[in-house]
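Values reported hereafter were calculated over all heavy atoms of this structure, with side chains retained and with hydrogens, waters and symmetry mates removed. As the structure lists them, so they are numbered: ligands from 1, and atoms in each ligand from 1.
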Amino acid sequence: AENPCCSMPCQNMGVCMREGDSYSCDCTRTGYYGQNCDIPEFWTSIKVALKPSKKTTHHLLTNYKWLWDIVNKIPFLSNFIMRAVYKIRSSTVDSPPLYHTGHDYTSWDTYADRSYYTRALPPVPPGCPIPMGTAGRKELPSPEYIAETFLARRKFIPDKRRTNVLFNFMAQHFTHQFFKTDFKKGAGRTWGDHGVDLSHIYGENVERQHQLRSFTDGKLKFQRVGGEEFPPSLADAPVHMIYPPYVPEQKRFAIGHEFFGLLPGLFVFSTVWLREHNRVCDVMKELHPDWDDERLFQTARLILTGETINIIINEYVQHLSGYNFDLFWDPELLFKDQFQYQNRIFVEFNHLYHWHPLMPDQFHINGTTYGMKDYLFNTDLVFKHGFGTTVDAMSKQIAGQIGPKNIGPVNLKVAVETIKHERNLRMQGLNQYRKRFGIPPYKTFLELTGGDAEMAAQLEEAYGDVDAVELYVGLMIEQPAPGSVTSETIIEMGGPFSVKGLLSNPLCSPQWWKPSTFGGDAGFRMVRTATLRDLFCRNMDGPCGLVSFAVPE
Ligand code: MNH
């Protein structure tokens, strides 16, 4: 007989357990009871009645600028709201995690085996009649068909919020320190360490880190080109890097992450963080003449970790959210609470961050246009145009909109692979995830496509039932939420993973969050005041042009 859990009967995060031909739902601490955990307890019904919907909250935060202009200036109010954002977002993530890909249920390995990504929802149960449980078609269309029909770019669609190419590369650069799928072991496995560890700058293990270090004054190895610091050549720092055969030896650079020779934008970020590291080492050596190389290196790494988090919250997430409330990073706001300073990367977080639509097909630098073929692995253009000019150009070019039919040709196969991975992992559909993250499931295809009737009809043809729409596909075809860069589901799922990941960093713990961790007041100040503009302008020869995450109007 069919597993009755296949129809996902348990609501409100109740856990389904098969009992022969029947099932039970474990409703413990869900605030609901009944066969399917669908009847609210008294206090739950009060809470539900009073709680504004996620849509309402989003609307409030992205409108009423005059109101937020006042709130932002009153510390009592802005602290209250910022703390609420930290608390509400991070409490949405299970910590410790409940599921991973090794088992369909909670197991010791879920907690202990860090070579797995964790999962917010367990897989579609085994032995279900059809791929998505009981909803939709017996057989889903091929990943190739799905990608070509719904995801492939016809004509470049620019982002309405004027997100630029610098943002695009920050996204890719920043997230690849923790999204590191170990494809040899499977799509649910990772070779990363589950958080903001700057392994993309310093390498994922001590051997790689040692190759990248100069062992004098805490600094990283570098080479001078035209008077400016750049990552060392592979000959000087022999680490494993992925380059195609046609890239000549002297144009191969040694970087923390082995993929980062791929794109000039990643090379730019690798370069600026390298310069920042060595600059911070100089400052620290001045303050602490007695420190050895090791201590200078380790302290600079912590300072750069803090700078990263500050820039990500104050500027990157700020831009992404479109909120008129000014976000900021203050770990102290959580010191009165119980808070788990531990983090795991969820496979759903990885998939929702496949923002390949951001990538334009061409890059404009100082009057020259590069097609994708001339851009991939071509770090030469950074030297040809100059570092500053390249950064300015990336700040002035609008990136693609994260939405349907906007993935360029080079990345379409990545989309195909992602769909295949989701099917291998038996991931539940978009609507199940919407419920898990507190937003109502879509009732119709038309609602999902935001009124695009043609696409809704094609989707219905493909999936049969809106509950069968796959997670990644659904995330990519939703329209951006009003005022934001990404869709409602990406915000409501990504927000929790992102806030939890940033605020659970050990730097944020009451024990670590103090000047001595960062070599004293000067280092602590660097952490708390870091900005994107300073990061670039302090580490650049010549005039500093536009450094921003959006193209100004
Ligand atoms: Mn991208 C994974 C190519 C831009 C985010 N990306 C992959 C994979 C390839 C790839 C290949 C592995 C696919 C698979 O087998 O599942 N990505 C590219 C190329 C470009 C690119 C060629 C630009 C051109 N990628 C971007 C951008 C982002 C991004 C921009 C924005 C954040 N990509 C990801 C994420 C993964 C990924 C996240 C998953 C990484 C992992 O799990 O290891």
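We find that E229 and K221 are not joined by a salt bridge, their nearest charged nitrogen and carboxylate oxygen being 4.0 Å or further apart. Using a 4.0 Å cut-off between a side-chain N of Lys or Arg and a carboxylate O of Asp or Glu, R436 and D94 qualify as a salt bridge. Ion pairing between E492 and R89 holds under the 4.0 Å rule for side-chain N and carboxylate O. With salt bridges taken as basic N to acidic carboxylate O contacts below 4.0 Å, one links E488 and K55. A salt bridge is absent between K384 and D380; no separation between the charged side-chain nitrogens and carboxylate oxygens falls under 4.0 Å.
Residue-to-ligand polar distances place H421 within reach of ligand 1: an N/O pair is separated by less than 3.5 Å. Checked by distance only, ligand 1 and T181 come closer than 3.5 Å through their nitrogen or oxygen atoms. For ligand 1, the polar-atom distance check finds no N/O of T175 at less than 3.5 Å from any of the ligand's N/O atoms.
Counting heavy atoms closer than 4.0 Å to ligand 1, residue F169 contributes nothing at all. Residue-level proximity to ligand 1 for T190 is absent, since no heavy atom of it falls below 4.0 angstrom.
Per-residue contacts place M372 under 4.0 angstrom from the following atoms of ligand 1 (heavy atoms of the residue considered): 24 (C). Taking every heavy atom of Y117 and a limit of under 4.0 angstrom, the matching atoms of ligand 1 come to 42 (O). Close contacts between ligand 1 and F179 involve ligand atoms 38 (C), 40 (C), 41 (C), 43 (O) [criterion: under 4.0 Å to a heavy atom]. Annotation for ligand 1: atoms under 4.0 Å from non-hydrogen atoms of K180 are 43 (O).
Under 3.5 Å, the side chains of D109 and S107 contain no donor-acceptor pair of N or O atoms. T305 and T308 are not linked by any side-chain donor-acceptor pair at a separation below 3.5 angstrom, with hydrogens and angles left out of the test.
For atom 32 (C) of ligand 1, the closest non-hydrogen atom of the protein is Y353 O, 3.5 Å. Among all non-hydrogen protein atoms, the one lying nearest atom 34 (C) of ligand 1 is H176 CE1, 3.5 Å. Atom 14 (C) of ligand 1 has as its closest protein heavy atom F183 CZ, 3.5 Å. Of the protein's non-hydrogen atoms, M359 CE, 3.4 Å is the one closest to atom 23 (C) of ligand 1. Nearest to atom 30 (C) of ligand 1 among the protein's heavy atoms is N168 OD1, 2.9 Å.
Heavy atoms of L358 stay at 4.0 angstrom or farther from ligand 1. Heavy atoms of K413 come nearer than 4.0 angstrom to ligand 1 in no pair at all. Ligand 1 lies nowhere less than 4.0 angstrom from a heavy atom belonging to H351.
Among residues two or more places apart in sequence or in another chain, the side-chain contact (heavy atoms from CB on, under 4.5 Å) test is passed with N164 by L166, F167, S395, S548, V551. Partners of C537 according to the side-chain contact (heavy atoms from CB on, under 4.5 Å) rule, which considers only residues two or more places apart in sequence or in another chain, are R533, C544, V547. In this view, I157 and K160, Q401, N406 satisfy the side-chain contact (heavy atoms from CB on, under 4.5 Å) rule, not counting sequence neighbours.
W355 has its side chain within reach of T486: a pair of non-hydrogen atoms, C-beta onward, lies under 4.5 Å apart.
The neighbour count for K251 NZ, taken as heavy atoms of other residues, nucleotides or ligands under 6.0 Å away, does not exceed 12.
Under 2.8 Å from atom 1 (Mn) of ligand 1, one finds the following protein N/O/S atoms: H356 NE2.
For Q479 (side chain) and S487 (main-chain N/O), no donor-acceptor pair under 3.5 Å exists by modelled atom type.
Ring pair F269/H200: centre-to-centre distance not below 6.0 Å.
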